[in-house]
Amino acid sequence: MQWTLVIPLKPLVRAKSRLAPAAGDALRPGLALAFAQDTVAAATACAAVRDVVVVTDDARAGHELAALGAVVVPDTPQAGLNAALAHGETVVRATRPRAPLAALNADLPSLRPTELARVLTAAAAFPRAFLPDAAGIGTTLLSAAPGTELLPAFGAASRARHRASGAAELPLDGVGSVRQDVDTGDDLRAALALGVGPYTAKAAAGLLLVD
């Protein structure tokens, strides 16, 4: 099964606000872009992925991510993360109604293509499935099989909401790079310990994270 991934990204000026206390506001937009670049680069390199659609209104991010092979779609609803994902789903299925879809966070700088492939292979066994984040509270990936609606419920405590919506939780070990999203300084430390992609490595070079 060849998946289409839908990745939402806020305008960089507003992205990763919870990272500001640790990294500072001056570096935060560049870090958010670097996370997205490493995420998209790893996703497009994954054997299980057919294509990557990024939903964003940020011109700079759109240009950089398109250069990595993503299809960039404007965030027409401008009504938050879940509305952006639903819009991306609509755009994809307007031309490929039977496409298997997965929503993926844009802040996975440690993402490894082989681990992503393992998650998508496991997800293919279910109409809808999700992978909880490293903290065990949120979600980093939500999948929908051909002919099934995505029904995203990202945000605070999304693990519980996705489970309550009927999506199957994927109990996978050894896929830490797909689970380690970055919202805080501690998250970034954990991602750096896992090993990050080249864009985040460059953006974080010399960064002294504040506790």
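Residue indices begin at 1 and follow the sequence shown. Side-chain atoms are counted along with the backbone in the values below, which use heavy atoms only and exclude waters and symmetry mates. Because the structure is a prediction, the values reported are computed rather than measured.
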Is a side-chain N or O of D133 found less than 3.5 angstrom from the main chain of G138, in a donor-acceptor match?
-> yes

For residues A26 and P29, report the shortest heavy-atom separation together with the two atoms involved.
-> O-CD, 3.8 Å

Same apolar cluster (I L V M F W Y, side chains within < 4.5 Å links), L172/L120 = yes

Hey, is K10 close enough to D58 for a salt bridge, meaning N to O under 4.0 Å?
-> no

Inter-residue atom distance L131.CG - L142.CG, 0.5 Å rounding = 10.5 Å

Does F35 reach the side chain of L19, with side-chain heavy atoms less than 4.5 Å apart?
-> yes

Straight-line distance of W3 CH2 to L101 CG, nearest 0.5 Å | 8.0 Å

Q78 side-chain N/O to A83 backbone N/O, donor-acceptor pair under 3.5 Å = no

In terms of hydrophobic clustering (I, L, V, M, F, W, Y; side-chain heavy atoms under 4.5 Å; direct or indirect links), are V55 and V52 co-clustered?
-> no

Minimum-distance pair of heavy atoms, taken over all atoms of T39 and L104 | CG2-CD2, 3.9 Å

Within a reach of under 6.0 Å around CD of E149, are more than 12 heavy atoms found that belong to other residues, nucleotides or ligands?
-> no

When you check the side-chain N and O atoms of R128 and S165, is any donor under 3.5 Å from an acceptor?
-> yes

Any side-chain heavy atom of M1 within less than 4.5 Å of one from P146?
-> yes

Check against side chain to side chain contact (heavy atoms under 4.5 Å, CB included), I137 and R159 = CA-CA 5 Å; I137 298 170; R159 179 185 188 180; 5.7 Å; no

Looking at side-chain heavy atoms only, is the closest gap between L108 and T140 below 4.5 Å?
-> yes

Taking the side chain as every heavy atom from C-beta outward, state whether D183 and L188 have any pair of such atoms under 4.5 Å apart.
-> no

Assess whether side chain to side chain donor-acceptor pair (under 3.5 Å) is satisfied between T4 and R96, documenting all intermediate values.
-> CA-CA 10 Å; T4 292; R96 295 173 54 234; 2.7 Å; yes

Candidate pair R161 and T139, rule side chain to side chain donor-acceptor pair (under 3.5 Å), full reasoning | CA-CA 10 Å; R161 288 201 303 276; T139 303; over 6 Å; no

Look up atom CZ in R179 and atom CG in D173, then write down how far apart they are to the nearest 0.5 Å.
-> 8.5 Å

Would you mind checking if K16 and D107 are paired as a salt bridge, meaning a charged N to carboxylate O distance below 4.0 Å?
-> yes

Shortest non-hydrogen contact from L65 toward V40 | CD2-CG2, 3.9 Å

Hey, does the side chain of T44 reach the backbone of A41 with a donor-acceptor pair shorter than 3.5 angstrom?
-> yes

State, with a plain yes or no, whether a side-chain heavy atom of N105 is found less than 4.5 Å away from one of I7.
-> no

Do you reckon L207 sits in the same ILVMFWY cluster as V196, going by side-chain contacts under 4.5 Å, direct or chained?
-> yes

Any side-chain heavy-atom pair of F126 and S143 under 4.5 Å = no

Side-chain heavy-atom pair F154, L85 within 4.5 angstrom cut-off = yes

Checking side chain to side chain contact (heavy atoms under 4.5 Å, CB included) for the pair V49/Q2: CA distance, chi angles, key distance, verdict?
-> CA-CA 5 Å; V49 173; Q2 290 282 296; 5.9 Å; no

Which pairs count as ring pair (Phe, Tyr, Trp, His ring centres under 6.0 Å) when at least one residue sits in residues 70-90, sequence neighbours excluded?
-> none

Residues L31 and A23: closest non-hydrogen pair is CD1-CB, 3.8 Å

If we ignore angles and hydrogens, is there a donor and acceptor under 3.5 Å between the side chains of S177 and E115?
-> yes

The reported gap from CG in L33 to CD in Q37 (rounded to nearest 0.5 angstrom) is 4.0 Å

Would you kindly confirm whether V54 and L150 end up in one hydrophobic cluster when ILVMFWY residues are joined by side chain heavy atoms under 4.5 Å apart?
-> no

Search all heavy atoms of S110 against all heavy atoms of A191 and return the closest pair with its distance.
-> OG-O, 2.9 Å

Hey, which of V71, V53, V73, T76 is the one that makes side chain to side chain contact (heavy atoms under 4.5 Å, CB included) with V91?
-> V73

To the nearest 0.5 angstrom, please state how far the CG atom of L12 sits from the CZ atom of R28.
-> 9.0 Å

Distance (rounded to the nearest 0.5 Å) between R189 CZ and Q180 CD = 12.0 Å

Residue pairs passing the salt bridge (charged side-chain N to carboxylate O under 4.0 Å, His left out) test with at least one member in residues 82-95, sequence neighbours excluded, are E89-R93

Backbone of A117 reached by a side-chain donor or acceptor of T121 within 3.5 Å = yes

May I ask you to decide if V92's main-chain N or O and T95's side chain share a donor-acceptor pair within less than 3.5 Å?
-> yes

Y199 and E64, any side-chain heavy atoms less than 4.5 Å apart | no

Which pair of heavy atoms, one from N82 and one from A153, lies closest together, and at what distance?
-> OD1-N, 3.5 Å

Would you kindly confirm whether L194 and L111 end up in one hydrophobic cluster when ILVMFWY residues are joined by side chain heavy atoms under 4.5 Å apart?
-> no

Say whether, by atom type as modelled, one donor and one acceptor occur between the side chain of H162 and the main chain of S158 under 3.5 angstrom.
-> yes

Apply salt bridge (Lys or Arg N to Asp or Glu O under 4.0 Å) to D181 and list each qualifying residue two or more places apart in sequence or on a separate chain.
-> none

